[in-house]
J.: 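One structure, as C-alpha cells, below. Some questions next.
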Amino acid sequence: MTIQDRIENVVIVGSGPAGYTAALYTSRANLQPLVIEGFMWGGLLQQTTDVENYPGFPAGIMGPEMMQAFRDQAERFGTRFVTDQASEVKLAAEPGGLHEVHVGDDAYRARTVILAMGAEHKKIGVSGEEELGGRGVSYCATCDAAFFRDKETIIVGGGDSAMEEAIFLAKFASKVTIVHRRDEFRASKIMLERARSLENIEWLTPYVVDEFLAGEDGALGHARVRHAESGEERDLPMSGAFIAIGHEPQSGLVAELLDTDDEGYVITEGRSTRTKLPGVFAAGDLVDHTYRQAVTAAGSGCQAALDAEWYLRDTPEVETPAGMPAGDLAEAQWAPPRS
Ligand code: NAP
C-alpha cells in the first residue's frame, strides 16, 4: 500500500449528483477535492434516458449527458478524479484525526470525507438472475426496453418503480406481465390506474419468481414462478424480465464504522449530513430512502460540502487548509445563517 504524501482537504467517495455537487461546492471553496468516482462514474443516472424533472432543462436532458455536465462543472474549479473503486475506508474517531480511503494500492489521507456512494437496484437473489443479467434480465426498462420490441416480458415488483417501468416497457413489448408477491400493491393509485389502462399489461399475483432459465440461444427463455400461497408452480415464457423491487444503499464500505438503519442507509444528525464521526459526512441516496431524486441528491451533496467546509473552518484541531482563509467562502458564497 502506498500512502500518498498529500493530505487531502476533502475526499468524496461516489459520483452521482450528490458526489459531483459536493465536488463543485468544495472546489469552488478552493479545497481541491479528490473524487473517488468508480469505474462506472455518474451513478444510476448513467442508466437513464430522458431526465425531464431536473429544473433548468425545459426540454429534458439525457441522463449521461447530465452527469457529464455535472463532472465538467466540478472539474472546472479544480476537482481531481480517481476513476477507480474505493476498496476500504478507515475513519478517525477524534476531531482533527485523518481519515484514509484506499483505492487499489493507494491510500489517500483526508481531513474530511464525504460519502456519496448512492444506491443500487435490489436483486431478487434467485438462480439465473445474475447469469442472465444483460441477456434478458435487466433492472432498467428505460435503458433496455427497446431491445424487447414485440417480445413477451415481465416486470417483478408492486411499487411505483414497477408501474413506471411497466408503462414504459408496454410501448415496446407485445406483452408485459406484472408479477407481484401480494394481491395488494404498494404503488400509488394514479400509477396503478395508468398501468391498468394499458391493454398489453397483464397481472400475476400473488406470485414469486423462483428461477430464471435460459432458452436454446443462451438468453433468457422463461421463468419458473410460484403461487405465494398455494405453492403451485408454472413456467412463464419470456424474452425479458425487469426487476423493480426497490433499491439498496451502497453502504458496505462503512457499515461497520457508522450507524446505519435496518435497511443499511447511513444515519446522519438531524437535518445535517454529519455522521457520528467528526469530519465524515454522508449525502444522496446513501442516506435517503424517501425522496431519491437527482435534484434532492444534488441538494444533499451541496449540504455535505458546506458541512465539510464549516468543519474545516470551525474545528480547532484541524489545520486550516491552505487557500481557505477562515470564514472567507462561507460568507462570500452562501452567507449561511448559523445558529
Ligand atoms: P417500493 O415502494 O419499496 O416497492 C418495492 C416493491 O417490490 C414492493 O411492491 C415490494 O413488495 C416488492 N419487493 C421488494 N422486495 C422484493 C423481493 N425480494 N421479491 C419480490 N418483490 C419484492 O420501491 P419503489 O417502487 O422503487 O419506490 C421507491 C420510492 O420511490 C417510493 O416512495 C415511490 O413512490 C417512489 N417512486 C415514485 C415514482 C413516481 O411517482 N413516478 C416512480 C418510482 C418510484 P411488497 O409490497 O410486498 O413489500
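Just so you know, residue 1 is the first one in the sequence shown, and it goes up from there. Atoms within a ligand are numbered from 1 in the order they appear, just like the ligands themselves.
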J.: What residues form a ring-ring contact (aromatic ring centres under 6.0 Å, His included) with Phe212, not counting sequence neighbours?
T.: none
J.: I want to know whether Tyr207 and His180 have ring centres closer than 6.0 Å.
T.: no
J.: Go through ligand 1 atom by atom and flag the ones less than 4.0 Å from a non-hydrogen atom of Arg182.
T.: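 Those of ligand 1 that fall under 4.0 Å from Arg182 are 45 (P), 46 (O), 47 (O).
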J.: Examine ligand 1 and decide if any of its atoms is less than 4.0 Å from a heavy atom belonging to Met163.
T.: no
J.: Taking the side chain as everything from C-beta on, heavy atoms only, tell me whether Arg234 gets closer than 4.5 Å to Leu204.
T.: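 Yes, close enough: below the 4.5 Å cut-off.
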J.: Which label fits Tyr139 and His121: parallel for a plane angle under 30°, tilted from 30 to 60°, or perpendicular past 60°?
T.: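 Correct class here is parallel.
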J.: Who's the nearest protein heavy-atom neighbour of atom 44 (C) of ligand 1, and how far?
T.: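 Here the closest protein heavy atom is Ser161 OG, 3.5 Å.
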J.: Suppose we measure from atom 34 (O) of ligand 1 to each protein heavy atom; which comes out shortest, and what is that distance?
T.: Asp160 OD2, 2.6 Å
J.: Give me the nearest non-hydrogen protein atom to atom 9 (O) of ligand 1 as residue plus atom name, then the distance to 0.1 Å.
T.: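 Nearest neighbour among protein heavy atoms for atom 9 (O) of ligand 1, to 0.1 Å: Gly158 N, 3.1 Å.
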J.: Side chains of Asp307 and Thr273: do they bring a donor and an acceptor to under 3.5 Å?
T.: yes
J.: Looking only at protein heavy atoms, which one is nearest to atom 41 (N) of ligand 1, and what is the separation?
T.: Glu164 OE2, 3.1 Å
J.: So which heavy atom in the protein is nearest atom 21 (N) of ligand 1, and how far is it from that ligand atom?
T.: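 The protein heavy atom lying closest is Ile245 CG2, 3.5 Å.
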J.: With heavy-atom distances below 4.0 Å as the criterion, list the atoms of ligand 1 near Arg292.
T.: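 Those qualifying, in numeric order: 28 (C), 29 (C), 30 (O).
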J.: Can you pull out the closest protein heavy atom to atom 20 (C) of ligand 1? Residue, atom name and distance to 0.1 Å, please.
T.: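 For this ligand atom, the closest protein heavy atom is Arg181 CD, 3.8 Å.
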J.: Testing the 3.5 Å rule here: is there a donor-acceptor pair between the side chains of Tyr25 and Glu309?
T.: no
J.: Is any side-chain heavy atom of Val13 closer than 4.5 Å to a side-chain heavy atom of Ile114?
T.: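 They are not in side-chain contact.
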J.: Of all the atoms in ligand 1, which lie at a distance below 4.0 Å from a heavy atom belonging to Gly246?
T.: 23 (O), 26 (O)
J.: Is there a protein heavy atom less than 4.0 Å away from atom 31 (C) of ligand 1?
T.: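 For atom 31 (C) of ligand 1 the answer is no, since every protein heavy atom stays at 4.0 Å or beyond.
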J.: Can you sort out the partners of Asp160 under side-chain hydrogen bond (donor to acceptor under 3.5 Å, both in side chains), two or more places apart, ordered by chain and number?
T.: Ser188
J.: Given Arg186, His289, Arg194, which has its nearest heavy atom closest to atom 8 (C) of ligand 1?
T.: Arg186
